[in-house]
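Notes follow once the structure below has been shown.
These numbers were taken from a predicted model, which means no experiment stands behind them.
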Amino acid sequence: MLKGDGRLGHDLDPQDRAPQDACGVFGVWATGEDVSKLTYYGLYALQHRGQESAGIAVSEGDRILVYKDMGLVAQVFDESVLSTLRGHIAVGHCRYSTTGSSVWENAQPTLCSTAGGGLALAHNGNLINTAALAERLPPGATRSTSDTEILTALLANDANDRERSVEDAAAELLPQVKGAYSLVFMNEKTLYAARDPQGIRPLVLGRLEQGWVVASETAALDIVGAAFVREIEPGELLTIDERGVRARRFAPAEPKGCLFEYVYLARPDTTIAGRGVQSTRVEIGRRLAREHPVDADLVIPTPESGTPAAIGYAEASGIPYGQGLVKNSYVGRTFIQPSQTIRQLGIRLKLNPLREVIAGKRLVVVDDSIVRGNTQRAIVRMLREAGAAEVHVRISSPPVSWPCFYGIDFATRAELIAGSLSVEQIRDSLGADSLGYISLAELTAATTIPAGRLCRACFDGSYPIPIEEDSLGKYLLERVDA
Ligand code: SF4
């Protein structure tokens with residue numbers, strides 16, 4: 001049963017969700033600033049990373065207050081709530097969660113008490129040794145099985161029992177934590193940030209006039225007027241207080257940044273490794289055009305995520321670029337349940353074709369990725385109904401054939417269309433005249449990051465952090481080369 005819970009439009013079609021990122025994180029330490037409002041706007045800029053719940057923890061030096069709820073950032077917080085969240089330190093979180101009925105309990109930041117007070121933590125990523133970590137907790141320490149709750153409880157417990165500082169407890173605990181984690185956490189007086197040794201999920205440091213900001217993406221620094229300082233390094237722990245920022249390494253860096261951030265997850269106005277995501281995506285489109293040329297009259301994107309690659313494709317191919325599909329941006333951002341009649345319209349809830357642009361044309365349609373294929377199938381059908389003479393689908397990522405264990409909820413391998421079908425079979429299933437995916441080599445080259453410094457596991461099945469066989473799921477071992 002679908003809930004009108006404010007999620008984005010693709011959730012209106014439960015058969016075909018886009019890849020879901022598992023969260024955006026934001027932290028701020030600043031005197032003389034309204035830190036809860038800064039965090040609100042920071043989360044607003046990170047809303048694309050998680051639309052299911054949002055939360056902010058704040059401290060003015062003596063105690064931590066947390067407010068969190070289900071929904072979009074703008075639905076969870078209003079002026080009166082924010083005015084009660086006063087202090088000079090805050091951490092915030094927006095989440096996409098796969099859990100069903102107990103989703104509120106999984107909203108973050110999580111809060112645990114320590115001997116010295118409290119500890120609030122927000123996490124982007126996914127841990128892969130949660131069960132082993134949970135065994136280290138004393139019985140009854142937490143009832144949750146959420147990886148973030150367990151991490152918070154362990155950290156609080158370590159800081160508690162041995163009367164150590166949170167910083168020392170984190171530096172000792174984090175090397176034992178396996179998986180993807182970009183963390184922001186705080187006690188009453190100090191803000192902390194840490195990134196896993198592979199740096200799978202992004203995390204950046206910014207500077208305010210009177211303080212510091214940590215965020216998942218540079219776009220969240222821009223919105224609060226913070227200057228970009230640097231990326232937090234893989235395996236690094238930052239401690240931020242009135243003495244400034246202190247960096248400490250808890251593990252050697254083995255960088256394996258997520259390649260999918262470049263394709264789809266990050267905002268186009270974010271910068272990763274010194275290069276704007278928008279220009280990387282345009283370059284991917286150019287390379288896609290050279291790998292998969294076709295005779296056509298018009299290049300159109302699947303809005304919005306296909307737009308930069310479509311621009312690049314048009315540029316390199318010489319085929320004119322145009323807008324053939326109009327997106328209904330606000331569909332799904334409502335608490336009103338769609339009626340059965342409306343829901344049956346499927347893709348038309350989100351996209352409407354511009355018939356006068358499309359009719360009689362040979363089209364190249366550029367999209368960022370294919371997960372299950374239902375959306376692309378519906379788009380091809382819609383374009384043909386609108387009079388397109390030919391529909392050629394071009395995809396700015398290689399086939400997604402493997403699940404992600406590091407924080408992106410694609411689907412199981414059985415649900416991934418490229419997990420079992422060849423490219424020709426997928427073309428046939430979509431009803432397209434031709435189908436071309438960019439190769440992994442060309443996609444990697446477009447990022448300018450060496451292949452050895454990227455996680456590319458959902459494309460090639462090579463997981464940079466070994467996955468316990470138990471967590472592989474029954475489909476992972478049934479590899480079918482597409
Ligand atoms: S498996 Fe794919 S989505 Fe997951 S971290 Fe690696 S590249 Fe990113």
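Closest approach of Ser216 to Cys23, counting heavy atoms only: OG-O, 4.5 Å. Closest non-hydrogen pair, Arg201 versus Leu265, comes out as NH1-CD1, 4.2 Å. Of all the heavy atoms in Thr280 and Ala446, the pair that sits closest is CG2-O, 3.7 Å. Listed here is the closest heavy atom pair of Glu261 and Pro202: OE2-CD, 3.3 Å. The minimum heavy-atom distance between Val204 and Glu231, with the atom names listed, is CG1-CG, 4.0 Å. Across Glu236 and Ala247, no two heavy atoms sit closer than the pair OE2-CB, 3.3 Å.
Looking only at atom types and distance, the side chain of Glu217 has a donor-acceptor partner in the side chain of His48 under 3.5 Å away. For the residue pair Ser462/Arg456, the side-chain donor-acceptor check at 3.5 Å is not satisfied.
Applying the ring pair (Phe, Tyr, Trp, His ring centres under 6.0 Å) rule to Phe185 yields the partners Tyr192; only residues at least two apart in sequence or on another chain are considered. When the salt bridge (Lys or Arg N to Asp or Glu O under 4.0 Å) test is applied to Arg286, the partners found at least two apart in sequence or on another chain are Glu283, Glu315.
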Evaluation steps, side chain to side chain contact (heavy atoms under 4.5 Å, CB included), between Arg372 and Val400: CA-CA 9 Å; Arg372 292 171 181 80; Val400 177; over 6 Å; no
Side chain to side chain contact (heavy atoms under 4.5 Å, CB included) between Ile449 and Tyr262, worked out: CA-CA 11 Å; Ile449 308 287; Tyr262 295 90; 3.4 Å; yes
Derivation of the side chain to side chain donor-acceptor pair (under 3.5 Å) call for Asp269 and Gln278: CA-CA 6 Å; Asp269 52 343; Gln278 170 82 7; over 6 Å; no
Criterion side chain to side chain contact (heavy atoms under 4.5 Å, CB included) on Leu435 and Tyr437, from CA distance to verdict: CA-CA 7 Å; Leu435 169 64; Tyr437 289 91; 3.8 Å; yes
Verdict with supporting geometry, Arg290 and Glu442, salt bridge (Lys or Arg N to Asp or Glu O under 4.0 Å): CA-CA 10 Å; Arg290 290 194 280 269; Glu442 287 296 321; 5.9 Å; no
Residue pair Leu174, Tyr181: steps toward the side chain to side chain contact (heavy atoms under 4.5 Å, CB included) verdict: CA-CA 10 Å; Leu174 292 175; Tyr181 53 89; 3.9 Å; yes
Side chain to side chain donor-acceptor pair (under 3.5 Å) evaluation trace for Asp368 with Ser305: CA-CA 6 Å; Asp368 60 88; Ser305 53; 2.6 Å; yes
Check against side chain to side chain donor-acceptor pair (under 3.5 Å), Thr152 and Glu149: CA-CA 5 Å; Thr152 316; Glu149 288 266 1; over 6 Å; no
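Inter-residue side-chain proximity for Val25 and Leu46 is flagged as unmet; no heavy-atom pair is nearer than 4.5 Å. A 4.5 Å side-chain heavy-atom check between Leu205 and Val213 finds every atom pair outside the cut-off. Considering only heavy atoms from C-beta on, Leu151 comes within 4.5 Å of Leu173 through its side chain. Counting only heavy atoms from C-beta outward, the side chains of Arg377 and Ile417 approach each other to under 4.5 Å. A 4.5 Å side-chain heavy-atom check between Leu440 and Leu259 finds at least one atom pair inside the cut-off. Residues Glu254 and Pro234 are not in side-chain contact: their nearest non-hydrogen atoms beyond the backbone lie 4.5 Å or more apart. The closest side-chain heavy-atom distance from Lys327 to Lys350 is not below 4.5 Å. No side-chain heavy atom of Ile465 sits less than 4.5 Å from a side-chain heavy atom of Phe405.
Going from atom CZ of Arg281 over to atom CG of Leu288 covers 14.5 Å, rounded to the nearest 0.5 Å. Atom CD of residue Gln108 and atom OG of residue Ser53 lie 7.5 Å apart, to the nearest 0.5 angstrom. Taking CG from Leu127 and OG1 from Thr148, the interatomic distance works out to 6.5 Å, rounded to the nearest 0.5 Å. Note: Ile284 CD1 to Ser397 OG = 8.5 Å, rounded to the nearest 0.5 Å. Annotation: the span from Thr110 atom OG1 to Leu119 atom CG amounts to 7.5 Å, rounded to 0.5 Å. Atom OG1 in Thr114 sits 9.5 Å away from atom CG in Leu155 (nearest 0.5 Å).
Judged by distance alone, the side chain of Ser401 and the main-chain N or O of Gly419 form no donor-acceptor pair under 3.5 Å. Side chain of Arg249 to main chain of Ala251: a donor-acceptor pair is present (N/O by atom type, distance under 3.5 Å, no hydrogens or angles). Panel note: side chain Thr218, backbone Thr271; a donor-acceptor pair is recorded below 3.5 Å. A donor-acceptor contact shorter than 3.5 Å is absent between the side chain of Gln47 and the backbone of Leu43. Glu167 places no side-chain N or O within 3.5 Å of a backbone atom of Thr239 that could act as its donor or acceptor partner. Counting only distance, with no hydrogens or angles, the side chain of Arg267 and the backbone of Ala45 share a donor-acceptor pair below 3.5 Å. Side chain of Asn124 to main chain of Ser182: no donor-acceptor pair is present (N/O by atom type, distance under 3.5 Å, no hydrogens or angles). Panel note: side chain Lys189, backbone Met186; no donor-acceptor pair is recorded below 3.5 Å. Looking at Lys68, its side chain never comes within 3.5 Å of a backbone N or O of Ala54 through a donor-acceptor pair. Counting only distance, with no hydrogens or angles, the side chain of Tyr463 and the backbone of Cys455 share no donor-acceptor pair below 3.5 Å.
Classification of Arg246 and Asp241 as a salt-bridged pair holds, one side-chain N sitting under 4.0 Å from a carboxylate O. A salt bridge links Arg248 and Asp168; the closest N-O separation between the charged side-chain nitrogens and carboxylate oxygens is under 4.0 Å. For Arg164 and Glu172, the salt-bridge test passes: some basic side-chain N is under 4.0 Å from an acidic carboxylate O. Salt-bridge formation is detected for the pair Asp158/Arg136: a Lys NZ or Arg NE/NH1/NH2 atom is positioned less than 4.0 Å from an Asp or Glu carboxylate oxygen.
Within 6.0 Å of atom CZ in Arg453, 12 or fewer heavy atoms from other residues, nucleotides or ligands are found, so the atom counts as exposed in its surroundings. Crowding of Tyr44 atom OH: a count of heavy atoms from other residues, nucleotides or ligands under 6.0 Å not exceeding 12.
Tested against Ile395 for a side-chain contact (heavy atoms from CB on, under 4.5 Å), the candidates Val423, Val366, Ile370, Ile426 yield a single pass: Ile370.
Outside the 6.0 Å centre-distance limit, the rings of Tyr41 and Phe26 are not counted as a close aromatic pair.
Using a 30° and 60° split on the angle between ring planes, Tyr40 and Phe77 fall in the perpendicular class, above 60°.
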